[in-house]
Structures are given as C-alpha cells and as structure tokens.
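A short write-up of the structure that comes next.
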Amino acid sequence: MQDPDFEKALKQLEDAVTKLESGELSLEESLRCFEDGVRAARQCRTALDSMQTRVEQLLKKSDGKIATAALHFDDENGQD
C-alpha cells in the first residue's frame, strides 16, 4: 500500500500536467500550475526516497550489506 501523501502528491502532479497540456491556461495560470507541479514532484521524490530507505533497511543483512533479489514480472500471458 502506498503512502497517502505520495498518492495525493502524484494526483496533484497528474492534474498539473493535464492542465498544462490542455493549452487553455493563461501564462500566469500556467506558471502557477507549473510551480504546483514542481512542488508535487518534489513531494513524490521525497516519499519515494523514504520508501527506498525503508526497503533497504528491511533487506539489510546482518553483515551490513544489502541483500538483493531479482524481481520477475509476468506479462498478461503468464510468461516472463
């Protein structure tokens, strides 16, 4: 489950991109929207960095090294 703050910031970023792409905003509105998008992107980055740190702490071995594992994602047909 993702952090609610991340979800909120991601939604704000998506909304800002949609508004900017519409081309219907004035220059001042576009700038304000861009600023909101940058702020939301920074919040997302901060949340993702925090989540990465938490995952690394969970995977840390007793010798202080990070344990890694390959992730495999199946496509819709059940194949790698």
Side-chain angles (χ1 to χ4, degrees):
M1 184 172 180
Q2 293 179 331
D3 188 302
D5 292 335
F6 174 80
E7 290 292 329
K8 182 179 175 184
L10 183 59
K11 176 71 172 125
Q12 290 171 341
L13 179 57
E14 290 170 343
D15 290 346
V17 169
T18 300
K19 288 178 186 176
L20 288 167
E21 287 179 337
S22 75
E24 298 176 7
L25 301 175
S26 69
L27 183 58
E28 186 62 34
E29 290 170 325
S30 293
L31 181 57
R32 212 172 310 123
C33 189
F34 180 76
E35 289 171 339
D36 292 343
V38 168
R39 192 176 306 111
R42 287 180 180 153
Q43 290 173 340
C44 287
R45 177 81 261 162
T46 299
L48 289 172
D49 288 344
S50 175
M51 289 178 209
Q52 180 178 357
T53 299
R54 288 172 55 195
V55 168
E56 288 173 354
Q57 289 172 344
L58 290 169
L59 295 176
K60 193 173 283 190
K61 293 181 179 180
S62 61
D63 62 2
K65 295 182 180 178
I66 301 294
T68 58
L71 298 178
H72 298 282
F73 298 98
D74 294 336
D75 67 12
E76 292 178 14
N77 298 325
Q79 301 172 352
D80 274 340

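This one's a predicted model, so the numbers in the text were calculated from it and none came from an experiment.
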Over all heavy atoms of both residues, which pair between G37 and A16 is shortest? Give the atoms and the distance, please. CA-CB, 3.9 Å

Report, as yes or no, whether the 6.0 Å neighbourhood of atom CG on L27 holds more than 12 heavy atoms from other residues, nucleotides or ligands. no

Quick one: pull up CZ in R32 and OG in S26 and give me the separation to the nearest 0.5 Å. 7.0 Å

Quick check for you: to the nearest 0.5 Å, what is the distance between E29 atom CD and K19 atom NZ? 9.5 Å

Before accepting this row, confirm whether a basic side-chain N of the pair K11/D15 lies closer than 4.0 Å to the acidic partner's carboxylate O. yes

Closest non-hydrogen atom pair between A9 and A40, with its separation: O-CB, 3.4 Å

Interatomic spacing from CG in L59 to CD in Q57 - rounded to 0.5 Å: 10.5 Å

Please report the shortest heavy-atom distance between S30 and L25, naming the atom on each side. OG-CB, 3.4 Å

Between atom OG of S50 and atom CZ of R45, what is the distance when rounded to the nearest 0.5 Å? 11.5 Å

Taking atom CD of Q12 and atom CD of E14, what is their separation to the nearest 0.5 Å? 10.5 Å

Does V38 belong to the same Ile/Leu/Val/Met/Phe/Trp/Tyr cluster as L20, with side-chain heavy atoms less than 4.5 Å apart forming each link? yes

Is it true that R39 and D36 have a side-chain N and a carboxylate O under 4.0 angstrom from each other? yes

What about L48 and L10, same hydrophobic cluster or not, with Ile/Leu/Val/Met/Phe/Trp/Tyr joined at side-chain heavy-atom distances under 4.5 Å? yes

